[in-house]
Amino acid sequence: ADVLKIGISAGLTGYAATVDRAWRDGVQLAADALNAKGGVMGRKVEVVVEDNRSEPQEAVTAYRKMISSDGVDVFISGCVSAGNFAAAGMVARAEKPMMLCSILPQQASQVKWAFTTLPPAGFEVEKRFEYLRDKTQIRKVGVLHDPTPYALLQKSVAEKIAGKYGLEVAGVESYKQDDADLSVQLTKLQSAGAGAVIKIGLGGTTLTAAKNMKQLGSSMLLMTSLEDLAVFKPVSEVLGDRFLFVASPSQVFDALPESATRTEISKFLEPWRAKYGDRDPNWASRGWDGVMLTVAAIEAGKSAAGPSMRDRIETITGFQGTTGIYNFTPENHQGITANPFVLATIADDRVKIVQ
Amino acid sequence: MTACLDVRDATRSFGGLVAVNAVSFQVMPRSVTAVIGPNGAGKTTLFNLISGAIAPSSGRILFEGTDITREAPEAKAARGLIRTFQLVKLFADLSAVENVKVGFHLRSRGGLLAALLRPRRVRGMEAAIERRARELLDLVGLGAAADLPASALSYGQGRLLEVARALAAEPKLLMLDEPAAGLNADETARLSSLIRRIAEGGTAVLLIEHDMHLVMNTADDVVVVDFGKKIAQGAPDRIRQDPAVIAAYLG
Amino acid sequence: MTSSPNIISRKGPDLRRVFPVPAQPAPRNRLAAAAPWLVAACIVGYALFAGGYPATVVGFALIYAIFVSGLNIFMGLTAQVSFGQSAFAAVGGYASAILTTQYDWGWLPAMVAGIAAALAAAFAIGYPTLRLKGHYLSMATLAIGLIAHEIAVEWESVTMGYLGISGIPPIDIAGYELAGDRAILIMLSLCVAATVFAVSRIRSSRLGRAFAGLAGSEDAARALGIDVARYKLVSFLLAASFASFSGSLFVHVVGYVSPEVFSLHMVILSFTMLYVGGIGTVAGPVIGALVVSALPETFRAFRDYQDLAYGTALILLLIFAPRGLAGLFAALDRKPSSDRGKGGTAP
Amino acid sequence: MTAAFRSPAVSPVAVPGPSASGPAAPVLAAKGLSARYGQVQALAPLDFEVGSGELVAVLGPNGAGKSTLLRAILGLVATGGEVSFQGTVLPRRNPAAVASRGVVLVPEGRGIFGPMTVAENLELGAWSLGGGRRSRVAQERRLSWVFELFPRLKERLGQTAGSMSGGEQQMLAIGRALMADPKILLLDEPSLGLAPRVTEEILETLGVLNRSGLPVVLVEQRAPSALKLANRAYLLSLGRLAAVLDPREVQSHDQLAQYYFA
Amino acid sequence: MDATLIGQSLVSGLGIGCVYGLIGIGFCVIYNASGIVNFAQGAFVMLGGMITHVLLVRGELPYGLAILLAVLIVALLGVAVERLVVRPLWNRNAPMFVMILATLAAQIVIERLTYLAIDDQPKTLPVFTDLPPVMLRGIAVNMQSLWIVAGSLAIVAALALFFKTTRTGKAMRACAINREAAALQGIPVHSMLALAFALSAGLGAVAGIMLTPTQYTAFDIGVPFAISGFIAAIIGGFGRPFGAFLGGLMLGVTQAGAILAFGAGMKTIVALSILLLFLFVRPSGILGPAK
Ligand SMILES: Nc1ncnc2c1ncn2[C@@H]1O[C@H](COP(=O)(O)OP(=O)(O)OP(=O)(O)O)[C@@H](O)[C@H]1O
Ligand SMILES: Nc1ncnc2c1ncn2[C@@H]1O[C@H](COP(=O)(O)OP(=O)(O)OP(=O)(O)O)[C@@H](O)[C@H]1O
Ligand SMILES: [Mg+2]
Ligand SMILES: [Mg+2]
């Protein structure tokens, strides 16, 4: 065929919507950029997007449609883990690689075909712990997490490594993405003596947590994980400098020193800003990475056949992406191996790196 | 001969209002007993106490010599005590004949397995039920309406359907709450003869009625209640003459 | 039937003369009754022919058809409300998933165990819950559905939480794995046929009449000797076992299970199928499941407007076919009327 | 006892003599009125008239279409033909608008508001009279009049209507209709479930109301009592008009039966 | 566990409980006027916060005016839902459950339209009075919660008066009980229905506006709130505004208690189980007639 079809199963509606919409736009942006340069090995890139409503059953249908009706060559799918898991068997049978924004499936036969742009769970936690150790007197922290797999992973890492940073996890509390009130959890953490809340999980609940902390008259720090900047602006209005967050390089681009990463980001950020203004670039830049990694694999193998792509992705090392450097191996399908994150805050409406 | 139904000092109050006050009477097999009385006298409440729809505050109810005071309505029905309602309670979505077929519940057997496997025995039973249901509809004069949904019946037709449905359960005691309401004189006369035949067939009948023609022509025994109390009981002719009854009710 | 004084056979006056009744409606047209089945068969037939994506969509629809048929027993035949059937689908789904992946059971014993567990759960839950009426029953069942979902999320050691359980083997028959689209579709069609057979048998049996009786009027049903509490429970148990069955089928077909599968969304979707298809009819759940599953797929091309189109289409369907598609087919034949007794529902 | 029940709110109107052929100037006139439920025709086209001050009885066996006729006048069912009241055509399928013109129906099955109290039911009966101060005074007067008619209602003002006995509910349904200051009163079997004495009283009251100028349409199974009061009687059978009778000519019950089953 | 922690959790539970109650009240109003359970109620709650936000931030209107306008707009939208969705069904004598289902579909449509018209980012509103929380023996009582409590109590009282004493209120109830009989009294059934939708949509908007300053709002927050509000309304004895309010408090407090005692993971499981047990004892809610 003379087009390269990229399939995206994305939760355009439902709980994953914010992330997956950005991811989709990043993938599309990359495809447009490639097409502007004449495509990949002379083939135009076409993106097929299907909404999985953030639900596994819908995801299976979406994947099935893209495999059998659209004949896509490779999947660069969003962050709905359950959906990607549910379809993983089918995708493996169809011998199509998938480059994900979610964590990897569990079955060995399925992991074989799946790769992720997601950094290891510990990275986001480590950054926050470093800051507390180096810049504050706080030695007790509370963990507030949602029940998604990635958040649970981060939580257990946090419990495990806190000691290494001289910190104590004074309490662990959970919440659901649609909770309307987090004050009881926050009260519990506060009365356990926590000086900072490590919040793990996405969505508007960060805003709720901030509001609740203010209402409780609490003096704890709120330290959240990676998230859309649009959420953080109102949070910082509520909590001011008591609010810190993990940021990926693209989110703090303007404060970034000159580096290979910065150059790479600017390749992406230029068209992104032209098209979307100051919309948060984080997830989109990962989608961009996903496409560029795939293209690298195709060009290395001179083929867009599924097995060839899969084999080549496994050998990609030292690939400079917008989020960090990717090193895949047959044993490790999680490409980012060095912590690319920074800790940031918002002051005077501008993102500032604090560490 | 033991009484079919023996009501002893049945009493029920709602808040301060004593709707049924120490009412006692008996219903003999093969007889027709009528309960009459002014509006709000407590007749329907009395029915509800007997049929188990509500529990009495005190008093006892005996059916064929057994105390059934506190039994649930379905248990009483299983003993053969079947009632109709003053405000018809039909299964509106079902056709007339299906309504009657539900009435055969106690007279048939079979659960899930019978439904799924439908053995010969069950098929025979179903055919018999279908046939007899239509016969019953013919009997009350609704044969031609058998396949209409119950919701499409007129008020009077609905009352007759309820009677047919109750008959399907082959009651030992049939309790009818104002069966003639909404029927005209001829229809009432026919109903009266139907009730007589039911009684002669061995079923005791207890009925509430405001239509004095029906009561006088049908009942063997009349119980008169007023303000929850029984004020008279006796044969229709005697009741018609009773000054207390005339004052309270007949006017 | 027991014999008791037979009042029927005795000859009496011809009462028909006294109670004139309008002529009966013409007997129902067979074609109208068969129409929903024909449409359903066409859809399944097309999916079998086309395979791939249509087969997946129709396959899920058939699994839903079983779930909704069970729901129809409880809501359509018995006129009760349950917002919590997803709980029993979850019991079936997780039983199959856990027993086959952790304990290496075969799919059949796992499925049977799932149904047994669902029955036990339904019995324990139904006994106190079914005493509630109307909206109170809705809320109680809603709570049960939500609780089941939460348990699936929180009981990580068993259910793996949101991570889900993968690697669930497909159904195999005599060593032959049903993994292809068409094989699965045929197997599911047979399951649906069996379900439909069971429901139609139940509907026209003594059991079904008892359900219809208590659906029409609990008071009248009790007065006729129908043990309302018992039959409600039986209906609930039946619905739960169909739900569990469909839950098991789902996990074997997809090979994966996670709590999202059994969310409130499932309940709402199944209600939609039930009403769009035609509640209380045998064909309704099947045609409803097929149409409602196909509907959003038809709107896929609308992208951002997909849900909008779906919601609007749903409203229009409900307005113009308030008795469902199965009812619509029947209406082509003879229009049922409901002008009377539309009064209101006293709370 | 009848003298006590003089309606305070019905203004006297000239009462023309009864005639079986139809009134000279009908208050209510239905031309070619037919009705159907879905596709089932329950009432074949018929002409139906009520003169000012007339009491018209509608008779017929079960399922003849009596209730359907009243429902058709109110526009509660799908109808054909035209109904006019006091010279203007009544809207179809908008019973509230018909009712607010003073066409008041006591429906079959009573239609009381079960969970509400007796007092609230009566108050809502007077809805179309408006909520102003003046109408409230008039309402009070009507209320005491209704209580005179049905003392039981006064005793049970605070009881929920649904828990009352069947006959009491029927009283409430009639009382509620009278609260509306009807310009024409349509009653569907008002004696249903009432004790003989109360039935007599109600029919008597209807007679009094009618003589003071209120047109009444009465569907009644007790044909003899209804015929005693009526100026004319429409006889329905199997959904069509079988005859229009002059009550004075219907001597015996047998004669009526002849019409019924002819 | 120390008393401050318990006290603080209780206060939190009561605060969020008021919100649930307020949403539950909206359910009661439509139910009382039509017998319909309106699951689009959550959408009205969401719209209250969202529209106020848009008017305040994009329209740069003063806060008070934005609130007033938002409530009005949402009330009008309520009428639109009645006209476009409920009335056609009503006129066709659709079964009650079909109407309920249609309100669910309406909820989807409103949600999607909001998303397309505004966006999917979480938003919030400023608190009504920007004062630090009042500290009572170490327990923080925040100002917005006081607003919510006072506001809901006022609304509950006003509604009780409306349904018990005014002609219109009684007529609305009559429509729900038996709409044909209501029409026969001359009650304009359709207008009553429209009014009920306007009223409950407006109430939903008020709930949304009062609660948004304590958390976030987005186009998709409606459903969870609708569920909590529905539960509150049922626990209270369906159709009784004050009951719904109490039911909301009960839900809020049991949830807070469950988090305190068993952790947040068990919140829903424990709280709903307790409420279920409660229903088994009182099958028609707090204010429903006891069995
Ligand atoms: N649940 C209840 N709560 C309060 N009062 C009630 C209740 N049920 C019945 N009553 C009252 O008890 C009295 C007796 O009612 P019942 O229905 O038994 O009368 P009835 O003799 O059948 O009258 P009718 O001939 O009018 O049907 C009535 O005054 C009624 O209002
Ligand atoms: N909803 C309906 N759908 C279909 N047919 C109906 C419906 N309602 C009534 N009918 C039919 O219309 C006919 C007339 O009914 P209607 O209620 O007017 O009779 P009626 O003269 O008032 O009888 P009754 O004296 O029993 O009240 C009946 O034969 C009935 O079967
Ligand atoms: Mg009675
Ligand atoms: Mg009638």
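In the text below, chain A, chain B and the rest are named by the order of the sequence lines, each starting its count at 1.
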Problem - Approximate separation, where rounding is to 0.5 Å, of C/Ser166 OG and A/Gln106 CD - result: 6.0 Å
Handout entry: Residue C/Val153 versus chain A: region with a heavy atom under 4.5 Å
Key = side chain
Handout entry: Close side-chain approach of C/Val57 to A/Arg64, heavy-atom, < 4.5 Å
Key = no
Fill in the blank from the handout: On a heavy-atom basis, the closest approach of A/Pro56 and C/Glu260 is CD-CB, 3.5 Å
Exercise for the section: Examine whether an atom of A/Ile67 lies under 4.5 Å from a heavy atom of chain C, and if so say whether it belongs to the side chain, the backbone or both; otherwise answer neither. Expected result: neither
Handout entry: Minimum side-chain heavy-atom gap C/Glu150-A/Lys176 below 4.5 Å
Key = yes
Handout entry: Under 4.5 Å from a heavy atom of chain C, the part of A/Arg93 involved
Key = neither
Handout entry: Partner chain C: residue of A/Ser68, A/Ser109, A/Ala86 with the largest heavy-atom pair count (under 4.5 Å)
Key = A/Ala86
Exercise for the section: Could you tell me which of A/Val49, A/Thr148, A/Ile103, A/Thr13 has the largest number of non-hydrogen atom pairs under 4.5 Å with chain C? Expected result: A/Val49
Completion exercise
Looking only at C/Gly59, C/Gly167, C/Gly164, most heavy-atom pairs under 4.5 Å shared with chain A are made by C/Gly167
Fill in the blank from the handout: When rounded to the nearest 0.5 Å, the distance separating CE of A/Met90 from OH of C/Tyr256 is 13.5 Å
Handout entry: Non-hydrogen atoms of A/Ala82 and C/Tyr162 that approach each other most closely
Key = CB-O, 4.5 Å
Problem - C/Thr56 to A/Thr61 - nearest heavy-atom pair and separation - result: CG2-CA, 4.2 Å
Completion exercise
To the nearest 0.5 Å, atom OG of C/Ser293 lies from atom CD of A/Gln57 at 7.5 Å
Completion exercise
Closest non-hydrogen atoms of A/Phe85 and C/Leu163, given as atom of the first, atom of the second and distance, are CD2-O, 3.2 Å
